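One structure below.
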Number of protein chains: 2
Amino acid sequence: MTLASVLSRGDSAPSLHQRILGDIEGRILSGEWPPGHRIPFEMELAAQYACSRMTVNKALSQLAKAGLIERRKRSGSFVTQPHAQSAVLEIRDIKAEVQSLGMTYDYELLARAQRRANADEREQLDLRAGSVVIDLQCRHFAGRRPFTYEERLINLAAVPEAATQPFDKVAPGPWLIERVPWSAAEHRIQAIGADAEIANVLEISEGTPCLQIDRRTRMNGIYVTLVRLVYPGQTFELIANFAPMQS
Amino acid sequence: MTLASVLSRGDSAPSLHQRILGDIEGRILSGEWPPGHRIPFEMELAAQYACSRMTVNKALSQLAKAGLIERRKRSGSFVTQPHAQSAVLEIRDIKAEVQSLGMTYDYELLARAQRRANADEREQLDLRAGSVVIDLQCRHFAGRRPFTYEERLINLAAVPEAATQPFDKVAPGPWLIERVPWSAAEHRIQAIGADAEIANVLEISEGTPCLQIDRRTRMNGIYVTLVRLVYPGQTFELIANFAPMQS
DNA sequence: AAGTGGTCTAGACCACGAA
DNA sequence: TCGTGGTCTAGACCACTTC
């Protein structure tokens, strides 16, 4: 998957700056222009493509943002050295995840409580003493088998409506994402062995390797929710799509 | 981390289109403009900021690319519903990884072979029968303790110089990344239990949960290398940075 | 000092799609 | 039909940086 093909999703007539971008990207990816190579100046490219400098600039700016070239004033633009391998990891909605596997999705609420946050939780969610949270435990099924165990805290100060929501039919994830507009999240991914509780809930044996994803979601500067998702390791994989990037 | 702050890395004087972008992003993230809200037309914004339409267009185009707004001809631009939670996951160079933890890094080659690819490997790397690969096993240390076990195949047809490279001092990852310009990669992340071999190599007990990352790297249409990295689960975490995105 | 990229303008034409 | 966004132009000024 190339940058040019991402930007123009199979359209019939790519715009001029997209064609320029694609041409240059092709030469870089093919090795014709190796790292360190100076690509033509904006003026030169504008002349080659018989277009204005702004059109060339648009293409080169996108290449620079993608990390394929580096732009230096007075010197020109250069093909960069690839450094780190970065990957765009998609963590999707669990329901969509299951259905994309062609299995039926089911949701079950195991426990629901409203209580004061303890010290550890207050620190993680950046709450004051006495703050109240909703504490949920639930399971997601793919077909008949448990697919994910979810432990979730919701900051009631951030989402007061959660107090009256039973969460017995609708999972907290989709419910929140409808209600809380645009959020930023931090993820942590680990491999763990299933403890007795997880083994019981996911119907696997104790010690089975599991993928554990912790996510903390912020909105407008305050933390809204803290969630831990545990997937049986052998039945779940995270697929990350490419992306060469510079560090 | 906001889009605007990413684009202007703490610079003193953000450009006008960055300021426009930041203003609009702020209203969306704060909830002032909820999903579905129509944001002002380009002409209106141009008038508000007393600038040309192109400047506004630059800001709105970036917001659209980031998925915060959706642009519909004849109707205007609208704040999108957040759908999937996507995350930008960084998979860094192992040496950088270790050193960022403040520990000394060490590398050890366990085995090196040059041989024909078997059927499974040929399929994964899209090779013809009889294709030759370099097969490596190595360990990466953080301090005195093994940190990562690496199994790697290199497609000799793609990187002939690998035949004469002993890989006893330099790890194949950095070596390849210097030599192979710009690549695309596919990742798969799983939790596994350490088998006898992994347990022995990583000096952990059998069955210990581990994070296993498979990566297949392509360059110019052909597969260059296939690598499996195994990290002890409790000592390694993948950190993914935010990123709200629409599906 | 000179040439580069960064930014911006005040126009323009077009395709598309909602009215 | 007609206004919107998508694209492009032919200029312009500026800051920066290397020469």
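None of the values given here were measured: they were computed from a predicted structure. Residue numbers start from 1 in every chain, and the chains themselves are labelled A, B, ... in the order their sequence lines are given, proteins ahead of strands.
Note on Glu25(B) versus Arg27(B): no salt bridge recorded, every NZ/NE/NH1/NH2 to OD/OE distance being 4.0 Å or above. Salt-bridge formation is not detected for the pair Glu97(B)/Lys95(B): no Lys NZ or Arg NE/NH1/NH2 atom is positioned less than 4.0 Å from an Asp or Glu carboxylate oxygen. Between Arg71(A) and Glu42(A), at least one side-chain N (NZ, or NE/NH1/NH2) sits under 4.0 Å from a carboxylate O, which counts as a salt bridge.
Closest to the Asn57(B) side chain, of the nucleotides dT9(D), dT9(C), dT7(D), is dT7(D). Picking from dT7(C), dT9(D), dG5(C) the nucleotide with the shortest atom distance to the side chain of Cys51(A) gives dT9(D).
Ring orientation note: the planes of Tyr231(B) and Phe147(B) are nearly perpendicular, at an angle over 60° on the 30°/60° scale. Below 30°, between 30° and 60°, or above 60°: for Phe167(A) and Trp175(A) the angle between ring planes is above 60°, a perpendicular geometry.
Residue Ile69(B) contributes atom CD1, which lies 15 Å from atom P of dT4(D) at whole-angstrom precision. Atom-to-atom, CD of Gln62(A) to P of dG6(C) comes out at 13 Å; the value is rounded to the nearest Å. Put simply, CZ on Arg19(B) is 17 Å from C1' on dG6(C), counting in whole angstrom units. One can place CD of Glu42(A) at 15 Å from C1' of dG11(D), the figure rounded to the nearest angstrom. Following rounding to the nearest Å, Ile20(A) (CD1) and dC8(D) (C1') show an atom-to-atom distance of 11 Å. In this structure, CG of Leu21(B) is placed 12 Å from P of dC8(C), rounded to the nearest angstrom. Computed from coordinates, the Phe41(B) CZ to dC2(D) P distance equals 17 Å when rounded to whole Å. Protein atom NZ of Lys65(B) is 13 Å distant from nucleotide atom C1' of dG6(D), rounded to whole Å.
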Could you go over nucleotides 15-19 of chain D and give all protein N or O partners under 3.5 Å, atom names and distances?
none

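Using a 4.0 Å cut-off, some side-chain N or O of Thr55(B) falls inside it from OP1 or OP2 of dT9(C). Contact annotation: Ser15(B) reaches the phosphate of dT7(C) (side-chain N/O to OP1 or OP2, under 4.0 Å). Contact annotation: Arg71(A) reaches the phosphate of dG6(C) (side-chain N/O to OP1 or OP2, under 4.0 Å).
Between the side chain of Arg53(B) and the base of dT7(D) there is at least one donor-acceptor pair of N/O atoms closer than 3.5 Å.
Side-chain contact check for Pro174(B) versus Asp93(B): some heavy-atom pair is nearer than 4.5 Å.
Note on Leu60(A): nothing from the nucleic acid sits closer than 4.0 angstrom, heavy atoms only. Contact annotation for Ser61(A): no contact, since no heavy-atom pair falls under 4.0 Å across all strands.
Positionally, the nearest nucleotide of DNA chain D for Met43(B) lies more toward the 5' end than for the other of Met54(B) and Met43(B).
Inspection of the Arg152(A) and Thr225(A) side chains reveals an N or O donor paired with an N or O acceptor under 3.5 Å.
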